[in-house]
Amino acid sequence: MILNILSIVVALGLLITFHEFGHFFVARRCGVKVLRFSVGFGKPIYRYVGKTGTEYTLAMIPLGGYVRMLDEREGNVPESLRSQAFNTKSVWQRIAIVAAGPIANFILAMVIYALVALLGIQALAPKVGTVAANTPVAQTQMQMGDELVSIADQAVVSWEDVNLVLAGLIGKTGTIIVRYQVDGSDYQREEAIQLNRWLVGEEPNNLIQAFGVTPWQPEVLPIIAQVVEGGAAASAGFQINDRILRVNDQSISNWQQVVALVQASPNMALDVEVQRGQDFVKLLLLPKSTEQNGKLIGYAGLAVVPPQWDESLVRERHYGPFEAILYGVEQTYKMVSLTVSSVGKMLQGLISVDNLSGPITIAKVASASADSGVQSFLKFMAYLSVSLGVLNLLPIPMLDGGHLVFFGIEAIRRKPVSEKIQAMAYRVGASLLFALMAVAIFNDIARL
């Protein structure tokens, strides 16, 4: 729990600090006097005043930050310092200062992705396990064991690639081409799939399954590797190395069958036969129940011996420094494009607002990615940095994008937008941001 909380604080703290540092750095280069650089809001817990008079502050609430600059609109400025005020700088300098925050987030994402590449990228090849009926892939001849090569003219070499491509297809109407390698041969087949407003208004939990496939997995034998203390299986007398042979007179050949039967039987007795050494033992299992997606499912408190993966399906690539930088730029570009496209589709109504996420979901994902390892956590931070950059560039007053709109109009008209209109726009922008945050938090709570 403490590690998870720390991972969330580190992720948000680093992204916010880098964003504000972008504003700070360019402001200083443009000759603007920075009064305060704060990471966090609220009461300061640490304060330091630099040689230039800038106050550096670490505040108690680490969910934001700000850079306060000298500005005649916020108070009287001595004539001797007027040249250092933000509002006295040229419109292009002010545009550079405001845009520097989101750009800093994109640069940070590039650096993080490059670091991931330097560490080495390991992923599972997109080999198909099952094909579901009445799904897009069901329109093809794809079968178990085939391996995806490209979707909609975009190459895929891992299931992560597949997921990203599919995210970009939400709301798609038209024909896409899927290329896959037929199992056991070097032959690649191309087939067309018709999409009609795919997943419009839906909140898919798994894009890959919604597309119609599940990843191939090696057969998991029903041999017990762990019995959870105090669980239903421990009470029933299960032991490590037991092999499950039958459940309610149904023959068992793999672990997936056991999971399906247990989950379908919350608080219901199951007759289980296991092989223990040379002996055959009958046990009575009473699965406990838990709620998942509004439905009761059973669980036993068992873990099995992990399967051995075919090494040919594990794709690993190491990058040199220059290749890693190119990879960082490419991945950041992909994520920016996907995020901008998703925002556009949400405005068009092609993506449900139920997909909006707030701080609770961010915390859960940060925690899960931290549990999954360093690379997963780094990739999550890179994506969050991209999202923060794109969000701040939205043309909404109160955000960096709103300021850029006003400065852009000023550059064209050769005079600033009136303060009255700006004040009105800021009030509307604040209301819109509050509404979006309310929807995001509501969605977070609904997912709990």
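Only this structure's heavy atoms are used, side chains among them; waters, hydrogens and symmetry mates stay out.
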Close aromatic pair by centroid cut-off 6.0 Å: Y113 and Y333: no

Neighbour count above 12 (heavy atom, 6.0 Å) for R189 CZ: yes

Test item: L15 and L108 side chains (from C-beta on) under 4.5 Å apart, heavy atoms: yes

Ring geometry between W198 and F211 (parallel below 30°, tilted from 30 to 60°, perpendicular above 60°): perpendicular

Under 3.5 Å: donor-acceptor pair, side chain of S38, backbone of G40: yes

Whether Q93 side chain and S90 backbone form a donor-acceptor pair below 3.5 Å: yes

Within 6.0 Å of CD in E229, more than 12 heavy atoms from elsewhere: no

What donor-acceptor contacts under 3.5 angstrom involve side-chain atoms of residues 156-170, with partners at least two apart or in another chain?
residue, atom, partner, partner atom, Å
S158, OG, E160, N, 3.4
S158, OG, D161, N, 3.2
W159, NE1, A125, O, 3.2
E160, OE1, K379, NZ, 3.0
D161, OD2, V157, N, 3.0

Main-chain N/O of G120 paired to Q375 side chain as donor or acceptor, under 3.5 Å: yes

Side chain T332, main chain M110, donor-acceptor under 3.5 Å: yes

Polar side-chain atom of N105 near backbone of V386 as donor-acceptor pair, under 3.5 Å: no

All pairs passing side chain to side chain donor-acceptor pair (under 3.5 Å) where residues 125-146 contributes a residue, at least two apart: T130-T214

Y426 OH: over 12 foreign heavy atoms closer than 6.0 Å: yes

Parallel, tilted or perpendicular: rings of F24 and Y56 (30°, 60°): perpendicular

Main-chain N/O of V34 paired with T54 side-chain donor or acceptor, under 3.5 Å: yes

Q257 (side chain) donor-acceptor with N254 (main chain) under 3.5 angstrom: yes

Any residue meeting side chain to side chain donor-acceptor pair (under 3.5 Å) with E410, in chain and number order, not counting sequence neighbours: R94

Flag side-chain contact, heavy atom, 4.5 Å: E147 against V128: no

Residue pair R36, Y66: steps toward the side-chain contact (heavy atoms from CB on, under 4.5 Å) verdict: CA-CA 8 Å; R36 176 181 290 179; Y66 62 92; 2.9 Å; yes

Residue pair Q122 / E316, side-chain donor-acceptor N/O under 3.5 Å: yes

Candidate pair E55 and K33, rule salt bridge (charged side-chain N to carboxylate O under 4.0 Å, His left out), full reasoning: CA-CA 11 Å; E55 180 185 33; K33 183 175 180 59; over 6 Å; no

Which atom of V213 lies closest to which atom of V131, heavy atoms considered: CG1-CG2, 4.3 Å

Short side-chain to backbone donor-acceptor contact, S341 and S337, under 3.5 Å: no

E323 bridged to R317 by N-O distance under 4.0 Å: yes

OH/Y383: more than 12 non-hydrogen atoms of other groups inside 6.0 Å: no

Considering all heavy atoms, the nearest G42-A59 contact: O-CB, 3.7 Å

Polar side-chain atom of S150 near backbone of D153 as donor-acceptor pair, under 3.5 Å: no

Greater than 12 external heavy atoms within 6.0 Å of R315's CZ: yes

Stacked cation flag R29 on F25, 6.0 angstrom / 45 deg: yes

Main-chain N/O of R82 paired to T88 side chain as donor or acceptor, under 3.5 Å: yes

Polar side chain donor-acceptor pair, H19 to D400, under 3.5 angstrom: yes

R414 atom CZ, neighbour heavy-atom count above 12 within 6.0 Å: no

Between Y180 and E190, a side-chain donor and acceptor under 3.5 Å: no

